Structures are given as C-alpha cells and as structure tokens.
Amino acid sequence: MSIETVLDKIDANLPEATERLFDLLRIKSISTDPAYAADCAKAADWLAAELSALGFDAAARATPGHPMVVGHAGGSGRHLLFYGHYDVQPVDPLDLWHRDPFDPAIEDTPKGKVIRGRGASDDKGQLMTFIEACRAWKAVHGTLPGRLTVLLEGEEESGSPSLAPFLKDHADELAADLVLVCDTGLFDDRSPAIEMMLRGILALEIVIRGADRDLHSGLYGGPAINPIRVLTRILSDLHDDDGRITLPGFYDDVDELPDDVRAQWQRLNFNHERFLEAVGLSVPAGEQDRTPLEMVWSRPTLDVNGIAGGYAGAGFKTVLPAEARAKLSFRLVSRQDSRKIEEAFRAYVASQLPADCTAEITTAVAAPAAVNDLSDPAFELARAALAEEWQLPASYTGSGGSIPVVSLFKSILGLDSLMVGFGRNSDQIHSPNEKYDVESFHKGMRSWARILHALNA
C-alpha cells in the first residue's frame, strides 16, 4: 500500500484542514476558569462530531470536570491509543496580544507563515495533525489506518484532576499496545525528535521552627538558635563541590544513558555555551562530569525554589525569627521513587536538626519519571518515518520537564508512549501571541500519515 496518495491528499486539502483548525481555535476552551465550562463542552462536542464523521465510534464523556472525548475505530494491526488535549491556557494579559486570541489567522513572519491564536500549538494544532492525517487516509483508502482509539482530554492545562480516575475506570476500554502523544516539539526548530524520557518531580516544603516567637537579637542573639541558620546549613550541604546531590542512596536507581542514545545526543551539536549565554550565565553548575544536555534531559536535580524567614521588608528589624521555610523540587529520572527520595530527605533533615528545633516537611507534588522501552520496533519505525518526511535525522531526545499523563499511561495502563510533536521553542505557548508554524501543521499531518503507514505495514 503506497503512502504517496495519502500525502498528496494532505497537500491538496491543506486549506480545508487549516479552516477546520480555525473552527476549533475559535472555541474558548479555557479549562482553569469555570466561566468557560460551556466552551470546553462545546470543544469536546466539536471533536466528537469530527471523529464520528471520520468513522470513529466517538462521544464526549462526562467527568467531574470537563469532558473526555473517546473514539474507537476497528481494524487490524497494532492497537494504537492517541492522546491530545483540547483545553487551553488563559489569555491574560490580553493587551499584549496583537489580535484577538480566539480569532485565528495566518500571518507572514520573517521565518515563514504561522497560525496565530491561543491553542494553535498547545495542543489544538498538534492534535489536529493526527486527525487530519486520519481524514486523508480515509479519503484515499475508505478505511481508517488500523485499529485506533483516540482520547482527548479537557483538563491538561489545569492539572488533569479527572484523568487518573477516568483511566482507572475505563482501563479495559482504553487497553492498547502503544500510546501516541502529540504534545511535544521539534529539536532546534527543524529536526524531528521522539522524546524517550521525561523527568519526574517531587516538590516539598520544609519549615524549621525554633523559639515560640520572634526574638530580639540584642537580648537573645548567641544563646537562642536561629532557624534561618539551621535551614541554610541543611540546604547548603545537599550538594557537594562537584554538583552531586549528597542524599544517601539518591543515585541508586539512576540508570546510565545507553551508548547509542548518548551518541545521538552528541550528533545534535547542541551549543552548551549559547544555552547558558542566552540567560546571562556561562558556567554549568550541575554534575561536573556531565554535559548540560545530559543535566537537563537524563540526570536528576535538586533545587531550592524559594526561601523565607525573618524580616525582609524595607528598613531593618533585628530579630531572630521563630521559623524559616524553603520550597524545594527534585527532578527525578529512570527508576527513582519519589517516596524513597522523600524518606531520604526526611532522614537527612532529622540528622541535622539541633536541640530546640523541629522540622515540618510537606509534599506538594510527586510524579515519577517516564522512560519508554525503545526495544519496541515501533520507535525505530517512527524514527525512520520522521526522517523521511523532514529529510533530517530523527533523534531520541529527553525532556527536563514532566508530562504527568505519560506517567499515568505507564502506571495505570502499562503502556509506553511514542511522543512525537511538531511545536517549536518560538511558539510562545502559554504566552500572548501563541503561534504554530504552517510548516509544522502541514508536515505534522504528513508525518503522522507516514508513522501510521509504517506501524501498520
């Protein structure tokens, strides 16, 4: 079965596909603001209708929050579960937008034509690349490309509170062989990539308490313990001089990067100096035996994100504070367990506490890292398909951040995720004037068609 006729159909139908994307972009599906609940429902119904028109058995499913859109299409071959999200971020500050954020349009820029509008890149434009690839396939062959399930969420931008319960309640219905996730991007704005790993996160707050009130430093300075001094000593000892984290057992479950993946990363020619220079820095501060790209994608971190205690306002107040607090976040990789890391941190803090001080530690966020099993032939097939479309090598990359849904697919459904996206760093997602390059939209559709062809060959 030739893929060329499907690609020709995508090329010919680009104007119509763009208009359909515009219809979706006009819907104000801001999930975090209850005032837009009806708009979120409208977007879910719109997508369910589009999938139904293509031959999916599709519907918008109610949740305690915004609806999930689920569509099934029978067929042969591997059962693929596609995930995207139709909700968007708020548009504030509105006065920084060059046009109405929900009145999409194509604009000419020095780097080519772009689709401007909220959600253009994150994630409406991305999910529509998949739907439009299916549309072209159906138009050419009369059937959809294989056995597909589509899951479109409406709460990704507001923490996905309904997602885990929905996956658990519908695990049998959503069972598949592999998840396709289109919520990532290109490397360096040109080179296609498959994200093979995402870092997890553990966010904690620690409060050190001493005296039962703030004390005058002239009267109590010396004999009274200062919680700020205790806290800063605890925090400063968490890293050694080479940037390694000193918690006992912290690296026990950290796997080394496979040699072939390390070689791919080296071939990316990532400019480490420019990466830091762009934010006014020059010297990598992490593990000194690692490259900055490894530090961001495949190595764990511990950072102090905020610290407070005593008086920090205008003027001066000579007090010994009753308490001091800090917010910390760990980025986790490989098989690191957030519970194990938290226990190690609690034990470390307890070992450092002097008499007359107590420590309270609370957990704000905990999510595991996600590492996909590249032994599945689907990854190499998809990588070859991407390289053929973009005429550049496709690399396995990592992400310094987290996409919690990928971890949920792994922990609840037991599925790896093929993470392919066509966003660019310049897309200004979550910011005013969000855009999606017309080239990304066009080649994204063609890329998915090639991937679906490869996986069903």
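The structure presented is a predicted model; accordingly, all values stated were derived computationally and were not measured.
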If you define the side chain from C-beta out and look only at heavy atoms, does anything of [X] sit under 4.5 Å from [Y]?
X: Ile206; Y: Glu360; value: no
X: Leu247; Y: Leu238; value: yes
X: Leu148; Y: Phe56; value: yes
X: Ile30; Y: Asp39; value: no
X: Glu153; Y: Ser160; value: yes
X: Tyr83; Y: Leu180; value: no
X: Val150; Y: Val70; value: no
X: Trp297; Y: Trp265; value: yes

Would you verify whether the NZ or CZ of Arg118 falls within 45 degrees of the ring axis of Phe102 while also being under 6.0 Å from that six-membered ring's centre?
no

Between Lys124 and Ser29, does a side-chain hydrogen bond (donor to acceptor under 3.5 Å, both in side chains) hold up when you go through it step by step?
CA-CA 10 Å; Lys124 291 179 178 178; Ser29 51; 3.0 Å; yes

Count the heavy atoms of every other residue, nucleotide or ligand shown that sit under 6.0 Å from [atom1] of [X], and state whether that count exceeds 12.
X: Arg335; atom1: CZ; result: yes
X: Asp172; atom1: CG; result: no
X: Asn425; atom1: CG; result: no
X: Lys9; atom1: NZ; result: no
X: Lys42; atom1: NZ; result: no
X: Lys327; atom1: NZ; result: no
X: Lys28; atom1: NZ; result: no
X: Glu16; atom1: CD; result: yes

Judged by atom type as modelled, is there a donor-acceptor pair below 3.5 Å linking the side chain of [X] to the main-chain atoms of [Y]?
X: Thr63; Y: Gly65; result: yes
X: Asp33; Y: Pro90; result: no
X: Asn372; Y: Leu374; result: no
X: Glu388; Y: Ala385; result: no
X: Trp137; Y: Val6; result: no
X: Gln391; Y: Glu389; result: no
X: Asp92; Y: Leu94; result: no
X: Arg346; Y: Ile341; result: no
X: Arg339; Y: Glu343; result: no
X: Asn433; Y: His98; result: yes

In terms of side-chain geometry, is the basic nitrogen of [X] or [Y] positioned less than 4.0 Å from the acidic oxygen of its partner?
X: Arg190; Y: Asp188; value: no
X: Lys113; Y: Glu439; value: no
X: Arg135; Y: Glu50; value: yes
X: Arg199; Y: Glu294; value: no
X: Arg262; Y: Asp259; value: yes

Hey, could you give me the [atom1]/[atom2] distance between [X] and [Y], rounded to the nearest 0.5 Å?
X: Arg331; Y: Ser298; atom1: CZ; atom2: OG; value: 14.5 Å
X: Ser440; Y: His442; atom1: OG; atom2: NE2; value: 11.5 Å
X: Leu235; Y: Ile307; atom1: CG; atom2: CD1; value: 5.5 Å
X: His85; Y: Glu156; atom1: NE2; atom2: CD; value: 3.5 Å
X: Ser121; Y: His430; atom1: OG; atom2: NE2; value: 9.5 Å
X: Leu178; Y: Asp376; atom1: CG; atom2: CG; value: 5.5 Å

For the residue pair [X] and [Y], confirm or rule out a side-chain donor-acceptor distance under 3.5 Å.
X: Trp390; Y: Ser447; result: yes
X: Glu173; Y: His72; result: yes
X: Asn305; Y: Ser329; result: yes
X: Thr5; Y: Asp8; result: no
X: Ser158; Y: Thr32; result: no
X: Gln428; Y: Glu434; result: no
X: Tyr436; Y: Gln126; result: yes
X: His79; Y: Thr149; result: yes
X: Glu155; Y: Tyr86; result: no
X: Lys435; Y: Thr109; result: no

Run the numbers on Val365 and Leu202 for side-chain contact (heavy atoms from CB on, under 4.5 Å), then give the verdict.
CA-CA 6 Å; Val365 181; Leu202 171 64; over 6 Å; no

Shortest non-hydrogen contact between [X] and [Y], atoms and distance:
X: Ile403; Y: Leu198; result: CB-CD1, 3.7 Å
X: Val69; Y: Ala44; result: CG2-O, 3.5 Å
X: Arg383; Y: Ala394; result: NH1-O, 2.8 Å
X: Val88; Y: Glu157; result: C-CG, 3.8 Å
X: Arg424; Y: Leu186; result: NE-CD1, 3.8 Å
X: Asn456; Y: Gly77; result: OD1-CA, 4.2 Å

Can you label the angle between the Phe166 ring and the His170 ring as parallel, tilted or perpendicular, going by 30° and 60°?
parallel

Classify the ring geometry of Trp448 against Phe82: parallel below 30°, tilted from 30° to 60°, perpendicular beyond 60°.
perpendicular

Do Leu268 and Phe187 pass the side-chain contact (heavy atoms from CB on, under 4.5 Å) test, and can you show the C-alpha distance, the side-chain angles, and the key distance before you say yes or no?
CA-CA 9 Å; Leu268 291 172; Phe187 179 79; 3.6 Å; yes

Test log, rule side-chain hydrogen bond (donor to acceptor under 3.5 Å, both in side chains), inputs Tyr396 and Glu380
CA-CA 10 Å; Tyr396 294 122; Glu380 278 300 302; 2.7 Å; yes

